[in-house]
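In what follows, chains are A, B, ... by sequence order, proteins preceding strands, each numbered from 1. All values derive from a computational prediction rather than experimental measurement.
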There are 2 protein chains.
Amino acid sequence: MSRLDWEDLNLFLAVAREGGLSAAANATGRSPATLGRRMLGLERELGRELFVRHGRGYRLTGEGQSLLSELSEVEARIARLSQRSGIEGLPLVKVSAGTWTTLALLRSFANLVGTPPDIRLRFVSGERVMDIAHREAVIGFRNQRPTDKTFAGRKLAKVEFAPFGAPDAPRLWIKVLADTPSARWLAKYAEGDAVCEVNSPRNALDLALAGQGMALLPTFIGDSEAGLLRAAQVVPELTHDQWLVVHEADRHIPEVRRAIDRMCRVLEGPRG
Amino acid sequence: MSRLDWEDLNLFLAVAREGGLSAAANATGRSPATLGRRMLGLERELGRELFVRHGRGYRLTGEGQSLLSELSEVEARIARLSQRSGIEGLPLVKVSAGTWTTLALLRSFANLVGTPPDIRLRFVSGERVMDIAHREAVIGFRNQRPTDKTFAGRKLAKVEFAPFGAPDAPRLWIKVLADTPSARWLAKYAEGDAVCEVNSPRNALDLALAGQGMALLPTFIGDSEAGLLRAAQVVPELTHDQWLVVHEADRHIPEVRRAIDRMCRVLEGPRG
DNA sequence: AGGTATCTTTTCACAAATGAAAAGGAGATT
DNA sequence: AATCTCCTTTTCATTTGTGAAAAGATACCT
């Protein structure tokens with residue numbers, strides 16, 4: 001026994017209201033042929049005659065009319081599910097990026113969501129690297145090309161790290177206690193005492209901006225801060241590629257595509 | 001903008017209740033792969049995260065839970081639509097046949113619907129010949145092979161007409177006023193007065209059974225009436241084939257197939 | 001009546017959705 | 001800690017469903 005396909009009920013509403021297949025086809029974006037077949041299937045599934053098919057369209061039978069009124073109420077409930085107002089109504093794209101990429105993206109937020117906004121961004125980050133296969137994130141930023149051909153990658157500009165500080169700041173390091181390559185490098189090779197140790201990378205930037213010391217920052221962050229100067233050369237060991245990674249299946253979804261294009265423009269544009 | 005597919009909501013109920021794709025696959029008769037994809041699509045369409053996918057199954061998020069409770073009510077309404085009790089719940093097969101074939105079928109009604117009944121038969125007849133393409137009837141009886149290859153035909157035994165009457169009935173015709181070949185033949189060639197003229201062929205049989213005269217009947221009807229005897233030879237001009245006709249697309253639908261098989265057994269068995 | 005416009009149904013080539021089996025993981029169990 | 005089991009995800013061949021265009025029908029209009 002095959003179970004009722006709820007989508008047939010949805011299509012029934014269109015055919016019943018429009019009074020025929022052609023008009024309903026316009027309303028639903030499906031072809032008259034499909035609608036005709038599905039209405040036949042629905043009548044069979046329900047074991048009732050819903051329409052009288054005459055040359056000029058579909059007319060409802062008594063049973064069809066009562067189905068129409070019942071389904072209208074169902075439709076109202078379902079409509080409420082998808083009707084979300086304002087930004088909630090926009091398609092959602094989940095982005096997983098590191099501290100600095102996230103910061104750069106947030107600073108160009110307006111360019112990312114469009115004017116007027118046509119997508120909703122959610123930045124997800126955590127200890128764990130987000131799993132794109134399970135869609136914890138849809139768009140991820142990684143430091144290497146995706147291995148699996150399930151994922152599509154787009155290469156971005158290289159990321160370089162250098163020490164940054166305010167012009168008159170003491171030449172002391174601001175250390176970051178985190179499990180990142182730059183923090184590990186700092187722990188290992190930094191000379192002299194640290195002026196401070198911070199838990200979160202983002203705080204190192206704030207401290208550097210306050211003129212308290214040198215922070216090891218990506219150049220695309222440090223160079224864009226008016227109050228900071230490079231306190232020394234780039235640290236070559238920390239230079240790495242950056243890749244934007246998407247699940248191959250998500251790649252062509254309109255809102256995902258838009259988000260990718262805009263992010264690439266933001267991240268690649270000013271850095272060459 | 002693509003619209004919400006209601007069937008996704010139906011599938012969501014299964015995944016949400018069963019707590020995973022595999023169990024839901026059993027419940028719905030679809031594969032885990034399909035369910036996984038459609039839940040991904042639903043989340044996208046709604047712009048909400050409904051599940052947390054962990055290694056052991058799908059767990060609902062807060063939004064998922066509220067969707068579940070809302071949809072449960074929708075489901076109850078929809079369930080009421082398809083739940084029909086008793087005979088109303090059985091699959092419907094519409095049959096279009098002439099007076100005599102209908103009569104023969106009705107006399108074997110129990111054999112047609114099965115024990116216990118597993119189909120519901122509706123005999124539709126009218127002035128007009130029912131249109132199988134538009135599904136005014138699903139199974140039709142015609143006197144010639146279907147022309148169009150859209151329709152499938154099954155040849156039945158030939159139909160022969162002869163005069164029938166009670167043993168001591170007067171040898172006067174019971175005339176039928178209808179637009180049928182046998183009625184036209186009677187109007188043209190019948191000798192002697194008519195004892196009566198009736199509007200409906202079925203009444204001619206009743207009148208013959210009452211011993212009032214001779215009715216021109218198909219032999220498969222007349223011979224099966226204990227109270228009637230052939231009053232003369234078969235009328236050769238009226239002999240014709242009989243075909244059972246179905247739309248090719250309906251042919252393999254289970255209840256249609258059953259109905260066809262049983263009708264053929266009933267109509268061919270005792271005569272062939 | 002005849003013509004015309006519009007709607008349904010059919011045909012057929014194509015695209016999208018599906019399922020089976022394999023691969024990959026996560027949690028449970030010993 | 002290693003193994004096992006169960007569940008999800010991926011792959012890919014297949015099926016199902018779909019749409020465009022043609023054909024067929026019916027009501028409307030002149």
Side-chain angles (χ1 to χ4, degrees), chain A residues 2 5 7-8 10-11 14-15 18-43 45 50-59 128-136 138 146-152 246-253, chain B residues 2 5 7-8 10-11 14-15 18-45 50-59 128-136 138 146-152 247-253:
Chain A
S2 66
D5 185 333
E7 182 61 7
D8 284 347
N10 192 10
L11 297 176
V15 177
E18 304 290 335
L21 301 184
S22 294
N26 279 332
T28 60
R30 309 178 92 107
S31 70
T34 295
L35 292 176
R37 283 180 293 238
R38 296 195 74 156
M39 292 306 100
L40 235 35
L42 180 61
E43 286 183 317
E45 193 57 48
L50 302 173
F51 302 101
V52 178
R53 292 153 174 84
H54 61 109
R56 203 77 179 165
Y58 275 38
R59 188 180 11 258
R128 230 168 4 89
V129 55
M130 293 299 150
D131 184 344
I132 295 186
H134 291 71
R135 301 301 193 293
E136 288 180 326
V138 169
T147 58
D148 195 325
K149 101 178 199 321
T150 309
F151 303 103
V246 201
H247 198 287
E248 181 58 45
D250 292 344
R251 190 173 194 176
H252 301 290
I253 295 174
Chain B
S2 68
D5 185 332
E7 182 62 6
D8 284 348
N10 192 11
L11 297 176
V15 176
E18 304 290 335
L21 302 183
S22 295
N26 279 332
T28 59
R30 311 177 93 107
S31 70
T34 295
L35 292 176
R37 283 179 293 238
R38 296 195 74 157
M39 292 306 100
L40 236 35
L42 180 62
E43 286 183 316
R44 170 164 119 77
E45 192 56 48
L50 302 172
F51 302 102
V52 178
R53 291 151 175 86
H54 62 109
R56 203 74 180 165
Y58 274 39
R59 188 178 14 256
R128 233 170 359 92
V129 54
M130 293 298 150
D131 184 344
I132 295 186
H134 292 70
R135 301 302 192 291
E136 288 181 327
V138 168
T147 57
D148 195 323
K149 102 178 200 317
T150 309
F151 304 103
H247 198 287
E248 181 59 46
D250 292 343
R251 188 172 194 176
H252 301 290
I253 295 174

To the side chain of B/Lys149, which of D/dT8, C/dT10, C/dT11 is closest? C/dT11
Encode nucleotides 15-30 of chain D as B, S and - characters from 5' to 3', where the letter depends on protein heavy atoms closer than 4.0 Å: B to the base, S only to sugar-phosphate, - to neither. ---BBB-----S----
Identify, with sequence neighbours excluded, every residue that meets side chain to side chain donor-acceptor pair (under 3.5 Å) alongside A/Glu136. A/Arg128
Residues which pass salt bridge (charged side-chain N to carboxylate O under 4.0 Å, His left out) with A/Arg251, listed by chain and number, not counting sequence neighbours: A/Glu248
Gap between atoms CG and C1', on B/Leu21 and D/dC7 respectively (whole Å): 8 Å
Atom CD of A/Glu18 and atom P of C/dC7 are separated, to the nearest Å, by 11 Å
Nearest-Å distance, CZ (A/Arg135) to P (D/dT8)? 15 Å
A/Val138 to A/Val246 - nearest heavy-atom pair and separation: O-CG1, 3.6 Å
So that I can tick it off, tell me whether A/Arg38 and A/Asp5 are bridged by a salt bridge, with the cut-off set at under 4.0 angstrom between side-chain N and carboxylate O. yes
Tell me whether the side-chain N/O atoms of A/Tyr58 come closer than 4.0 Å to OP1 or OP2 in C/dT6. no
Whole Å only: how far is the CZ atom of B/Arg53 from the C1' atom of C/dG27? 19 Å
Expressed in angstrom and rounded to an integer, what is the separation of A/Leu35 atom CG from C/dT10 atom C1'? 16 Å
What does B/Thr150 touch in the nucleic acid at a heavy-atom separation under 4.0 angstrom: a base, only the sugar-phosphate, or nothing? sugar-phosphate
Nearest-Å distance for atom pair CG/P, residues B/Asn26 and C/dA20: 11 Å
Under the rule for salt bridge (charged side-chain N to carboxylate O under 4.0 Å, His left out), what residues qualify as partners of B/Glu43, not counting sequence neighbours? B/Arg53
Scan A/Gly36 against the nucleic acid and name what it touches under 4.0 Å (heavy atoms): base, sugar-phosphate only, or nothing. nothing
Sequence-distant partners of A/Arg37, side chain to side chain contact (heavy atoms under 4.5 Å, CB included), two or more places apart: A/Ala33, A/Thr34
Please determine if a side-chain N or O atom of B/His247 lies less than 4.0 Å away from the OP1 or OP2 oxygen of C/dT9. no
Side chain to side chain contact (heavy atoms under 4.5 Å, CB included) partners for A/Asn10, two or more places apart: A/Glu7, B/Trp6
What is the distance, rounded to the nearest whole Å, between atom CE of A/Met39 and atom C1' of C/dT9? 15 Å
Figure out the CD1/C1' separation between A/Ile132 and D/dT8, and round it to whole Å. 17 Å
